[in-house]
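Accompanying notes for the structure given below.
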Amino acid sequence: MYDPEKMKEEYDQLEHGKTRMSGIRCAIEAADRQNDLPFQLYFRLELCRESTFYDDALDLFVIFPEALALVDKHPDIPSTYFDSYHKNGMTHVLWVYKWVIENCIEYYQIPLADCKKFFEDYKKRSLAFGYNLKPYYLCLYDFYKHIDEEYAKQCFHKAEALPRDRNANCRACERNGEVEYYLTYGNLEKANNLSREIDDFTLTCGSDKSAWLRLKSNYMTYYLDRGEFEQAEAYCRMMERNLGKNYGTEYEQWEYFLYCYTHTNIGKALKIYKEHWKEWLCQRCPQNSFDADKYICAFFQELERVRKGTTVKLNLGHTFPLYQENGQYKIAELFDFYYKRALNTAEKFDERNGTDYYKTELKRLLSRKGNTID
């Protein structure tokens, strides 16, 4: 018997990622057979959520157009009793649409022209529904900060000047975005002032410490970017102490921890690499893959510098492309392997964006006493 509530209960018990994605797809098929429009839409948006936060967000760009087509064909689809926050199906779609435009930056597979179309369509729909463009400009800032920095800054300040409405992100998430902006551009005093309400838990998001951890991540990144590794390590340790406490995987930023400890505790960095090499190798999100590969390059670069020998003993599985049965790996060859991966991704992003930002970032990170890697 068709029972959408029971189907939701069942897939909510499944492990996040591909297993739950499969369960939600079964629910979609059942709702489609019943022509149950509210749940046809709801289950698709649930799949978008699972894809965005727990699997491969590239699937979002396949799933979301189906949801969009439903509300275009049936604009009066009501909300289900599971998503009572949203006035109707269209408001729910506009909320999820933010995830689409936020993820454009992460995937070079999405052509620049298509990214611009998503942004303009979201803008048109938001205005038509009576929303302002605060989320639109914030997402534009994130997308263009690696493409056209001055335009990106203009977008941020346009968003900053607009009031919040029902489609705005939560206050804590919005505040963290402001902190990240002012840290990026070196205004530590303003960032510190904006941080206070998150630091004292006046502003929270989801679980009690979620916004607080995101704030610490912002500061960790700030100090890492400036090469102030001792200060960054303090934030790494704060975040590590809170891993595995129902805050999801967002704060398991092992590639950043690796980079920090590369410069403060090379032994711990080696331990982190041994524990996480496989997941880094299997990254499907190109932005995440680029970040991991560039920091692994920096790790092997430093390991080669401080180590007496030219090899390192690693227990890497048969799936590792450079697998050695005896477990002895030349550090220079490991560096070259990850550098080629990072450079390949950088070139694809730069080709998509029409810039040299990613290649420049890679060379900057791996500079040795003023001499950059060619």
Side-chain angles (χ1 to χ4, degrees), residues 52 57 60-61 97-127 131-165 167-195 214-215 217-226 256 285-288 290-291 294 345-365:
T52 300
L60 173 69
F61 293 91
Y97 213 149
K98 291 187 292 184
W99 305 341
V100 175
I101 57 177
E102 285 169 353
N103 275 285
C104 281
I105 193 173
E106 306 278 338
Y107 293 87
Y108 59 71
Q109 296 95 324
I110 312 299
L112 188 60
D114 287 353
C115 294
K116 290 179 178 179
K117 287 177 183 177
F118 279 126
F119 272 100
E120 287 310 300
D121 186 58
Y122 173 73
K123 176 182 178 181
K124 180 182 70 175
R125 291 173 185 273
S126 296
L127 291 173
Y131 289 145
N132 70 32
L133 297 180
K134 193 178 188 74
Y136 166 77
Y137 283 121
L138 286 174
C139 291
L140 269 184
Y141 159 70
D142 277 332
F143 184 72
Y144 276 96
K145 64 187 178 184
H146 296 163
I147 299 174
D148 185 338
E149 189 175 34
E150 288 307 310
Y151 177 63
K153 289 180 181 178
Q154 293 171 22
C155 290
F156 177 85
H157 291 303
K158 285 181 180 179
E160 201 175 30
L162 287 169
R164 293 171 48 79
D165 63 20
N167 203 40
N169 291 330
C170 82
R171 291 182 183 277
C173 290
E174 203 170 273
R175 181 65 58 82
N176 259 315
E178 293 171 345
V179 171
E180 182 271 336
Y181 176 86
Y182 286 105
L183 286 176
T184 297
Y185 292 105
N187 192 335
L188 185 59
E189 181 179 0
K190 183 154 189 174
N192 288 343
N193 289 334
L194 288 168
S195 297
R214 193 172 297 123
L215 180 70
S217 176
N218 281 334
Y219 277 89
M220 175 187 69
T221 304
Y222 169 78
Y223 287 113
L224 286 178
D225 286 346
R226 283 154 182 75
Y256 292 89
C285 172
Q287 180 66 60
N288 292 344
F290 175 73
D291 288 340
K294 72 180 182 183
T345 305
E347 288 172 344
K348 289 178 178 176
F349 270 118
D350 285 341
E351 182 180 2
R352 194 275 299 267
N353 296 339
T355 70
D356 61 357
Y357 173 86
Y358 283 86
K359 292 192 292 290
T360 300
E361 166 63 12
L362 181 60
K363 289 183 178 182
R364 180 193 69 80
L365 188 76

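Quick note: numbers below take in every heavy atom, side chains included, and nothing from hydrogens, waters or symmetry partners. When a residue number appears, it is its place in the shown sequence, counting from 1. If you're wondering where the values come from, they're calculated on a predicted model, not measured in any experiment.
- The distance from the CG atom of Asp114 to the CG atom of Asp121 is 12.0 Å, given to the nearest 0.5 Å.
- Using bins of under 30°, 30° to 60° and over 60° for the plane-to-plane angle, the ring pair Tyr219/Tyr222 lands in the perpendicular bin.
- No more than 12 heavy atoms of other residues, nucleotides or ligands shown are found within 6.0 angstrom of CZ on Arg171.
- Atom CD of Glu351 is surrounded by 12 or fewer heavy atoms from other residues, nucleotides or ligands within 6.0 Å.
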Can you check side chain to side chain donor-acceptor pair (under 3.5 Å) on Tyr358 and Gln287, steps first, answer last?
CA-CA 10 Å; Tyr358 283 86; Gln287 180 66 60; 2.7 Å; yes
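- Considering only heavy atoms from C-beta on, Lys123 stays 4.5 Å or farther from Leu140 through its side chain.
- The heavy-atom pair separating Cys104 from Cys115 by the smallest distance is CB-SG, 3.7 Å.
- From Thr355, atom OG1 reaches atom NE2 of His146 across 9.5 Å, with rounding to the nearest 0.5 Å.
- The structure places CG of Asp225 at 6.5 Å from OG1 of Thr221, a figure rounded to the nearest 0.5 Å.
- Rounding to the nearest 0.5 Å gives a distance of 15.0 Å between NZ of Lys294 and NZ of Lys363.
- Counting only heavy atoms from C-beta outward, the side chains of Tyr108 and Thr345 approach each other to under 4.5 Å.
- Rounding to the nearest 0.5 Å gives a distance of 4.0 Å between CZ of Arg364 and CD of Glu361.
- For the pair Ile147 and Lys145, the minimum side-chain heavy-atom distance is 4.5 Å or more.
- Taking 4.5 Å as the limit, some side-chain heavy atom of Lys98 sits within range of a side-chain heavy atom of Asn167.
- Atom CG in Asn353 sits 7.5 Å away from atom CD1 in Ile105 (nearest 0.5 Å).
- Considering only heavy atoms from C-beta on, Ser126 comes within 4.5 Å of Leu133 through its side chain.
- Taking the six-membered ring for Trp and the full ring otherwise, Phe290 and Phe349 have centroids separated by 6.0 Å or more.
- Tyr122 and Phe118 have their aromatic ring centers separated by at least 6.0 angstrom.
- Side chains of Tyr182 and Asn218: no donor on one and acceptor on the other come within 3.5 Å.
- The shortest non-hydrogen separation linking Ala191 to Ser195 is O-OG, 2.7 Å.
- Side chain of Arg352 to main chain of Tyr107: a donor-acceptor pair is present (N/O by atom type, distance under 3.5 Å, no hydrogens or angles).
- Between Ala159 and Lys134, the shortest heavy-atom contact is O-NZ, 2.7 Å.
- Using bins of under 30°, 30° to 60° and over 60° for the plane-to-plane angle, the ring pair Phe119/Tyr136 lands in the perpendicular bin.
- Looking only at atom types and distance, the side chain of Glu149 has a donor-acceptor partner in the side chain of Tyr185 under 3.5 Å away.
- Within the 4.5 Å cutoff, the side chain of Tyr137 has no heavy atoms near those of the Asn132 side chain.
- Using a 4.0 Å cut-off between a side-chain N of Lys or Arg and a carboxylate O of Asp or Glu, Lys117 and Glu120 do not qualify as a salt bridge.
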Where do Leu138 and Glu102 land on the side chain to side chain contact (heavy atoms under 4.5 Å, CB included) test, with the steps shown first?
CA-CA 9 Å; Leu138 286 174; Glu102 285 169 353; over 6 Å; no
List the steps, then state whether side chain to side chain contact (heavy atoms under 4.5 Å, CB included) holds for Asn187 with Glu189.
CA-CA 6 Å; Asn187 192 335; Glu189 181 179 0; 4.1 Å; yes
Walk me through whether Tyr141 and His157 qualify under side chain to side chain contact (heavy atoms under 4.5 Å, CB included).
CA-CA 9 Å; Tyr141 159 70; His157 291 303; over 6 Å; no
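- Using a distance-only test at 3.5 Å, with no hydrogens or angles considered, no donor-acceptor pair links the side chain of Arg175 to the main chain of Cys170.
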